[in-house]
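Below you'll find the structure, written out as structure tokens, and then a few comments.
The analysis underlying the following values was restricted to heavy atoms, covering all of them including side chains, and did not include hydrogens, waters or symmetry mates. Nothing here was measured: the structure is a model prediction, and the numbers come from that model.
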Amino acid sequence: MQRLARKGGTAGLLRWLAGRADGWAGIARSDGTVLSASGVAPSGPLTVPADVPDVPRLVAEGVRALTERGALAYSHDTGAHTVLLFPLPGPHDPHAEDRGAAPLLAVVTPRPVAAGLATLLADVLMPLSLCREAEAVERKRRRVDLAESRGREAVLHLLMTGQLSIAQQVAGALRPRLPDPVRVCVVECPGDSRDEVARVCAEADGGRSWIVRCPVYARHLILVMPAEGGREGGRGTAPDSGPGSAPNGGPNGGPSGAPSGGPDGGTATDEAVAALVDRCVVGVSERVPLADTATGYRQAFHALAVAREVPGRHVRFGAAPEPALVVGTAGRQWAEALLTPLLTHVPRRAQDPGSQELAATAASWLAFSSHATDHLKVHRNTLAARLRLIGELLGLDLHRLADQAALDLALRIRATPAPVCAPEAGRRDGGAAPGHANGAAHDLDEVLRRPAVQEWALRQLAPVAGAAEETLRTWLRCEGRLGPTAAELGISVPGTRKRLTRLETVLQRSLLRPPSARYDLWLALRARASAAAEATS
């Protein structure tokens, strides 16, 4: 009996009792409602076999009899069967007047009742009650864990959409406090071990990081770690290292030296997790402000794509400027002009999404593609309807990679705090340059021709040349689809996938899985082509 209670719980004990009674065993409420029966789990179908009497009615009658007579058990013969009822011990005193409110063990057995069955049932009451209480505690624990997990996911979503103050308010009820600045770490867990890896992360970090189960990728954990737990030197990536750095490093950088920077001065959390968990892959962002968590996540995701191809299974993202940081005042004005119809949209009905919700939907879809339904917790038809509305408001065809890249850049510019900008070079009055309406650039090409953007584009495309660049150009020209790209290159789809996987290692960016670097690469190619066209005109 004790072994069954430890291994089988309530279901195992009821199944065993039904076998010993050669009949039916179950737990019912005082109103006769069957809670679990003959080993059937509470979430399963609660049915009573056809040859068993009306158990709910008999239980209700037994409860009345127990209350009226002050008895501790009840037995009733129904002809071919005998019904035995025993209130389960628990929070209710079995001698109290309201003992009928306690759940009851009900057993239906053929007549005559087997010798010793009543004694056996009396002995099993305590183990059965303890099993039910333990299972109830476990269910509550799981609900609490789920609520905390959903709360952390909500905080991460607020951070990813730039709602820093609300995220900090919600996070105030949880621990630890949100750090600032941070490094974002994405851990790809082997198999179904995400919960175990989360425990390893918490132990390795000393409970200082926010650990969130990714709502999009079932094998991913997202860690928002204090930046001081990382390294500014040592094994970290060099701030301005070039694309030819060692392959074990982050994009544009490589590791060297001794480990340091963990909570106890030892190995950093991300390295410790990669070393402790077999087949675990880790990508880490550079140091970013808490308000730029979305940027940190993209960097960590790109580093993760590279980490899959290196022996150490751990890569840190090196310093690489965001395009939103180099577009200048003209780029910020262009983004504001593009997004104004979206940001000023007023829904016709109260239940329709407003401008903030539409902007968050666009950012999520651009980052996660069809997986945005998991990120936003909406139906795919709802997502499709919102995207149609966004396209209509902005005058963009969101099926085209060019329009996707433009919208992605505009949203990232809007999410980046506006720097203190000096007037454009050569204009002492600080006014709008000729050819601009209200200071806004005519189109995206004017923004992409800025010298700082041109320098950014050269850095993005420096690792690729020759056949690799042709593969990249063809893939972007085919809207990032493998089938048309393979057909245009004259190779198979698996061959195309292999080429793009090699490009991920060369570029040190994720291409095949969102968040993808295809928007940045399209912008870089467009910037180079726009500058070349202007030079020849």
Side-chain angles (χ1 to χ4, degrees), residues 151-186 208-212 214-216 222-230 232 239 250-251 269-270 283-303 316-329 331-333 335-336 338-339 342-343 354-368 372 375-376 407-421 456 515 519-520:
R152 291 178 178 275
E153 182 183 322
V155 170
L156 180 65
H157 181 75
L158 291 168
L159 290 174
M160 297 277 279
T161 54
Q163 302 176 68
L164 182 59
S165 61
I166 302 177
Q168 290 174 327
Q169 292 176 23
V170 177
L174 301 172
R175 293 184 179 181
R177 293 175 60 89
L178 287 171
D180 192 6
V182 300
R183 290 183 187 270
V184 181
C185 174
V186 178
R208 301 187 314 147
S209 296
W210 270 72
I211 303 175
V212 184
C214 180
V216 177
I222 302 172
L223 279 66
V224 181
M225 308 184 301
E228 65 270 14
E232 300 308 318
T269 302
D270 44 291
V284 191
S285 76
E286 61 182 344
R287 179 189 179 110
V288 296
L290 181 62
D292 289 345
T293 301
T295 299
Y297 173 75
R298 282 195 299 269
Q299 293 178 352
F301 197 88
H302 292 318
R316 287 197 168 206
F317 192 94
E322 277 284 301
L325 298 176
V326 296
V327 295
T329 306
R332 186 166 295 277
Q333 292 168 341
E336 182 180 351
L338 176 66
L339 295 175
L342 176 65
L343 301 179
S355 59
Q356 186 174 3
E357 193 170 2
L358 290 176
T361 298
S364 178
W365 178 73
L366 290 168
F368 297 113
H375 184 226
L376 297 170
L407 178 57
D408 180 72
L409 177 60
L411 289 172
R412 287 158 71 178
I413 293 172
R414 175 176 175 264
T416 303
V420 179
C421 298
W456 169 83
Y519 302 137
D520 283 359

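The shortest distance between side-chain heavy atoms of Asp270 and Arg183 does not fall below 4.5 Å. Two residues are said to be in side-chain contact when any heavy atoms from C-beta on lie closer than 4.5 Å; Leu409 and Tyr519 fail this criterion. Within the 4.5 Å cutoff, side-chain heavy atoms of Leu159 are placed close to those of Leu164. Contact annotation: the side chain of Leu325 never approaches that of Trp456 to less than 4.5 Å [non-hydrogen atoms, C-beta and beyond]. Residues Arg412 and Thr295 fail the side-chain proximity criterion, which asks for heavy atoms closer than 4.5 Å. Residues Ser285 and Tyr297 form no side-chain contact, since every pair of their non-hydrogen atoms from C-beta on lies 4.5 Å or further apart. Considering only heavy atoms from C-beta on, Leu407 comes within 4.5 Å of Leu339 through its side chain.
Taking both residues in full, the closest heavy atoms of Pro215 and His375 are given as CG-CD2, 4.1 Å, listed atom of the first, atom of the second, then distance. The two residues Val186 and Ala300 come nearest to each other via the heavy atoms CG2-CB, 3.7 Å. Smallest separation of non-hydrogen atoms from Pro179 and Val224: CG-O, 4.0 Å. A pairwise comparison of heavy atoms in Pro323 and Asp520 identifies CG-OD1, 3.8 Å as the closest pair. The minimum heavy-atom distance between Leu376 and Ser364, with the atom names listed, is CG-OG, 3.6 Å. Gly331 and Ile413 get closest at one heavy-atom pair: O-CD1, 3.8 Å.
The distance from the CG atom of Leu156 to the CG atom of Leu178 is 10.0 Å, given to the nearest 0.5 Å. Residue Cys214 holds its SG atom at 6.0 Å from CZ of Phe368, rounded to the nearest 0.5 Å.
Taking Thr293 as the reference, nothing meets the side chain to side chain donor-acceptor pair (under 3.5 Å) condition, with sequence neighbours excluded. Gln163 meets the side chain to side chain donor-acceptor pair (under 3.5 Å) test with Thr161, Gln356; sequence neighbours excluded.
Tested against Glu153, the residues Val212, Ile222, Leu158 include a single side-chain contact (heavy atoms from CB on, under 4.5 Å) partner, Val212.
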